[in-house]
Amino acid sequence: MFRSKGFGLLKLIPLMSGQPNLAYKFIHPAIASHGHRCHRRSVDYRQRYKTCSGSAGGRKLSAPQTKTWLVLSETRLLVKCRPILTRRPLLGHVRQQTGAEAETQVKARIKQYYWCQDCKHLIDAVGIMAEEELPGVLILDVGGTHGVLENLAALLKKHFRLITMKEFLENKKEMSKKIQSVFVFECRPTIDRELLESLPNLKVIGNSGVGVDHLDLKMISNFGVKVTNTPHAVADPTADIGVALMLASARRLVEGCQIAVSPDTKYFAVDWLGVEVTRATLGIIGMGSIGYKVAQRARAFNMRILYHNRNRRKEEEEAVGAHYCEKMEDLLQQSDFVMLVVNLTPETHKLIGKKELRLMKPTATLINISRGAVIDQDALVEALQNKVIRAAALDVTYPEPLPRDHPLLKLNNIIITPHIGTATVQAIHMMAEEAIANMLAVLNGQPIPSEVFPK
């Protein structure tokens, strides 16, 4: 869809006199080039519309509540029209006014009518608006150590007016009224009561990622603000990192690399051995979308798959040949590899402690791709030091990063990666797109794809 940002709107320019078909004559070349064609593929698939007889293709288009700005002329005036028609040439009448009188019309948002040249369906358009009408979204910053990546900021700018935390703090009175959403990237900005109280028009917090343990859902809900996350974008890359950690730990890849590149290495020891993943038993704790993706991958290694979940997932277990363990203890006792794929909740906090580690095989490996606090890390240190279990592989810890003197960092039977489950070019982009779709749905009063509810 065409957005005002793409044409660099600078200011309102008065309408010219003596132009009876000004709107049509000044249609921007990018739009006019479509001529009389009306391709279905030019319509944004995410928009909803109703169909009936009496218009093009037997359709009568009903606009969603999304507010899209269409560039109508080289004078860079914008008209709000139905998004479903934004790529069709429009005909219309513009009042022949000049100077201040025309500018008054624009600012007063005088109601005008336009119709689609192709289907002759009447479009109710409301005045001419400026780019600043885009809803404001609060972000921590663009770029830098913790800011939103620049390519994601460009994606956000297509739909929102970006307001950084610095800009907000410097001009709270004006900016607080414009902010309708917050984009949370890498757990930032921090959402606390003070911030919520300062944003009277806030409607939604769009979290980029599936975990929301950094958000106080009940407090946010009390302010009438909705929370969304991005479960669909994270499933594949997180499952990939889980399987990667399992393979790396089983075959001791990190140790092997260090031996291969060490200046002290004179020969490769024949008794330096790992264990096989193929035909081993994998126990998955948490058979959600990520857990299921892990099971799909494990099937390719001919692994025996066990899973424990609050609810039995018969359809999923049949699809991957998994076996349900109603008691987590049964899974722990049988598994060669135990993978944690649960959300962090009060119930899952320190889900794996001293007791659970002692139930595992001494040859077993513990893999965590959920949240660091799901494991009692002190108990894990003791278990690894005393060979209660063979090894551990963690993509998450608590805190992140661990203090540089933490005992986990001194062990050679553990692999720790810096929470990179979704750290891929594709995943980050998909997460931003999913978060944007969620936020726009809330602002437009449409069904929300991925809303998170307080428990």
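A heavy-atom distance below 4.5 Å is found between the side chains of L155 and H429. Between S370 and V341, the closest side-chain pair of non-hydrogen atoms is not below 4.5 Å. Side-chain atoms of V142 and E150, non-hydrogen and from C-beta on, do get closer than 4.5 Å to each other. A 4.5 Å side-chain heavy-atom check between L199 and F168 finds at least one atom pair inside the cut-off. Within the 4.5 Å cutoff, side-chain heavy atoms of L344 are placed close to those of V374. Using a 4.5 Å heavy-atom threshold, the side chains of P418 and P401 count as separate. Within the 4.5 Å cutoff, the side chain of I191 has heavy atoms near those of the L196 side chain. Counting heavy atoms from C-beta outward, R161 and P135 have side chains that stay 4.5 Å or more apart.
Atom CD1 of I416 is separated from atom CG of L409 by 5.0 Å, given to the nearest 0.5 angstrom. Atoms NZ and CG, on K166 and L140 in that order, are 12.0 Å from each other to the nearest 0.5 Å. Atom CG of L215 sits about 12.5 Å away from atom OG of S221, to the nearest 0.5 Å. Summarising the geometry, atom OG1 belonging to T348 is positioned 8.5 Å from atom CG belonging to D213; distances are rounded to the nearest 0.5 Å. How far OG of S208 is from CG of L149: 9.0 Å, rounded to the nearest 0.5 Å. Considering OH of Y398 and CD of Q377, their distance stands at 9.5 Å, rounded to 0.5 Å.
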**Request:** Decide yes or no on side-chain contact (heavy atoms from CB on, under 4.5 Å) for L195 and L138, but give the supporting numbers first.
**Result:** CA-CA 11 Å; L195 179 64; L138 179 66; 4.0 Å; yes
**Asked** Are L394 and I414 close enough, and set up right, to give a side-chain contact (heavy atoms from CB on, under 4.5 Å), and what steps lead you there?
**Response** CA-CA 8 Å; L394 315 175; I414 189 171; 3.8 Å; yes
**Asked** Hey, mind stepping through L202 and F223 against side-chain contact (heavy atoms from CB on, under 4.5 Å) and telling me if it holds?
**Response** CA-CA 9 Å; L202 182 64; F223 281 86; over 6 Å; no
**Request:** For side-chain contact (heavy atoms from CB on, under 4.5 Å), just list the numbers for I163 and V137, CA-CA rounded to whole Å, side-chain angles, deciding distance to a tenth of an Å, and then say yes or no.
**Result:** CA-CA 6 Å; I163 300 172; V137 62; over 6 Å; no
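Checking side-chain atoms of N222 against main-chain N and O of K218 turns up a donor-acceptor pair under 3.5 Å. Side-chain atoms of N201 never come within 3.5 Å of backbone atoms of I179 as a donor-acceptor pair (strictly under, hydrogens ignored). The backbone N or O of V338 sits nowhere less than 3.5 Å from a side-chain atom of S335 that would complete a donor-acceptor pair. A donor-acceptor pair under 3.5 Å is absent between the side-chain atoms of N444 and the main chain of Q446, judged by distance alone. Side chain of N309 to backbone of R312: no donor-acceptor contact under 3.5 angstrom is found. Of the possible polar contacts, none joining the T164 side chain to the I139 backbone as a donor-acceptor pair under 3.5 Å is found. Without hydrogens or angle criteria, R404 side chain to L402 main chain gives a donor-acceptor distance under 3.5 Å. Not one N or O on the side chain of E318 forms a donor-acceptor pair closer than 3.5 Å with the backbone of E315.
Nearest heavy-atom pair, T230 versus A435, reported as atom, atom and distance to 0.1 Å: CG2-N, 3.6 Å. Contact record, E434 with S450: OE2-OG, 3.4 Å, taken as the closest heavy-atom pair. Considering every non-hydrogen atom in both L134 and H159, the closest pair reads CD2-O, 3.8 Å. Heavy-atom minimum distance, A427 versus P237: CB-CG, 3.7 Å. Across all non-hydrogen atoms, the minimal contact from M287 to A295 is CE-CB, 4.2 Å. The heavy-atom pair separating A319 from R299 by the smallest distance is O-NH1, 2.7 Å.
Only one option out of V204, V212, V184, I205 pairs with T228 in a side chain to side chain contact (heavy atoms under 4.5 Å, CB included); it is V204. Applying side chain to side chain contact (heavy atoms under 4.5 Å, CB included) to L340 and the options V396, I369, I375 leaves one that passes, I375. Partner of V452 under the side chain to side chain contact (heavy atoms under 4.5 Å, CB included) criterion, out of N438, V210, V227: V227 alone.
With sequence neighbours left out, the side chain to side chain donor-acceptor pair (under 3.5 Å) criterion links E255 to R252. Scanning for side chain to side chain donor-acceptor pair (under 3.5 Å) contacts around E347 gives T345, with sequence neighbours left out. Remark: Y292 engages no residue in a ring-ring contact (aromatic ring centres under 6.0 Å, His included) (not counting sequence neighbours). Under the rule for a side chain to side chain donor-acceptor pair (under 3.5 Å), the partners of H214 that lie at least two apart in sequence or sit in another chain are N207.
Between the side chains of D395 and T417, at least one donor N or O sits under 3.5 Å from an acceptor N or O. Side-chain contact, E317 with Y307: a donor N or O sits under 3.5 Å from an acceptor N or O.
Sorted by first and then second residue, the salt bridge (charged side-chain N to carboxylate O under 4.0 Å, His left out) pairs involving residues 186-207 (not counting sequence neighbours) form an empty list.
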Would you be so kind as to tabulate the donor-acceptor pairs closer than 3.5 Å made by side chains of residues 238-249, with sequence neighbours excluded?
| residue | atom | partner | partner atom | Å |
| --- | --- | --- | --- | --- |
| T238 | OG1 | V234 | O | 2.7 |
| D240 | OD1 | R297 | NE | 2.7 |
| D240 | OD1 | R297 | NH2 | 3.1 |

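Ring pair Y324/H308 is parallel by interplanar angle, where below 30° counts as parallel and above 60° as perpendicular.
Open room surrounds CE on M430; 12 or fewer heavy atoms of other groups in view lie less than 6.0 Å from it.
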